[in-house]
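Accompanying notes for the structure given below.
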Amino acid sequence: MSSTTLYTHKMCPYAQRAWIGLNLAQNEFNMDEIDLYGRKPSYFKKLNPKEQVPVLQMDGKVITERWNKDYSYILTFILISNQKCSFPF
């Protein structure tokens, strides 16, 4: 059982980037699909009060997406926390 969970929605491009990053890093992870158009689970609001995806729960940390003009916070966290990762960029 993986200790990494990606809270996602398949139509969200930011969540898709996080999913790609986890796969490139060869991390084992669980995915929890969040319905963005209906009632969100109560546990999700505790993870991210803004109720936005993606949210990455990894090694006891909860990381929500924040964008700088140059990088994705979740992708940067995946890269830093996985030394065996070889991103193609």
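Since the structure is predicted, the reported quantities are computational estimates derived from the model, not experimental observations. Numbers for residues simply follow the sequence, beginning at 1.
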Between [X] and [Y], what is the shortest heavy-atom contact and its length?
X   : Y   : result
K10 : Q16 : O-NE2, 2.7 Å
H9  : I34 : CD2-O, 3.0 Å
G21 : I78 : O-CG2, 3.9 Å

Problem set entry | Any residue meeting side-chain hydrogen bond (donor to acceptor under 3.5 Å, both in side chains) with Q52, in chain and number order, not counting sequence neighbours |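 Per chain and number, Q52 pairs via side-chain hydrogen bond (donor to acceptor under 3.5 Å, both in side chains) with no residue.
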
For this session: Under the side-chain contact (heavy atoms from CB on, under 4.5 Å) rule, collect the residues that match up with D35, sequence neighbours excluded.
Result: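 For D35 the side-chain contact (heavy atoms from CB on, under 4.5 Å) partners, ignoring immediate neighbours, are Y37.
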
For this session: Determine, stepwise, if the pair N27 / M58 fulfils side-chain contact (heavy atoms from CB on, under 4.5 Å).
Result: CA-CA 10 Å; N27 280 23; M58 183 180 213; 2.8 Å; yes

Between [X] (side chain only) and [Y] (backbone N and O only), is there a donor and an acceptor less than 3.5 Å apart?
X   : Y   : result
D59 : K61 : no
E65 : I74 : yes
E51 : F44 : no

In Å, rounded to the nearest 0.5 Å, how long is the span from [atom1] of [X] to [atom2] of [Y]?
X   : Y   : atom1 : atom2 : answer
Q57 : L47 : CD    : CG    : 5.5 Å
F77 : L56 : CZ    : CG    : 6.5 Å
L22 : M31 : CG    : CE    : 9.5 Å

Exercise. Do N30 and Y7 get their side chains close enough for a donor-acceptor pair, meaning under 3.5 Å?
Worked result: no

For this session: Using the side-chain contact (heavy atoms from CB on, under 4.5 Å) rule, take I63 and V55 through it: C-alpha gap first, then chi angles, then the decisive distance, then the call.
Result: CA-CA 6 Å; I63 300 97; V55 174; over 6 Å; no

Problem set entry | Step-by-step side-chain contact (heavy atoms from CB on, under 4.5 Å) determination, E28 to T4 | CA-CA 7 Å; E28 288 186 28; T4 301; over 6 Å; no

Exercise. Same hydrophobic cluster for M11 and V53, using side-chain heavy-atom links shorter than 4.5 Å among ILVMFWY?
Worked result: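 M11 does not cluster with V53.
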
For this session: Taking the side chain as every heavy atom from C-beta outward, state whether T64 and K50 have any pair of such atoms under 4.5 Å apart.
Result: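 No, every pair of side-chain atoms sits at 4.5 Å or beyond.
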
Exercise. Given side chains that start at C-beta, do those of Y14 and T8 come closer than 4.5 Å, heavy atoms only?
Worked result: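 Side-chain contact under 4.5 Å: no.
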
Problem set entry | side-chain contact (heavy atoms from CB on, under 4.5 Å) between W19 and L6, intermediate numbers included | CA-CA 8 Å; W19 176 81; L6 176 64; 3.9 Å; yes

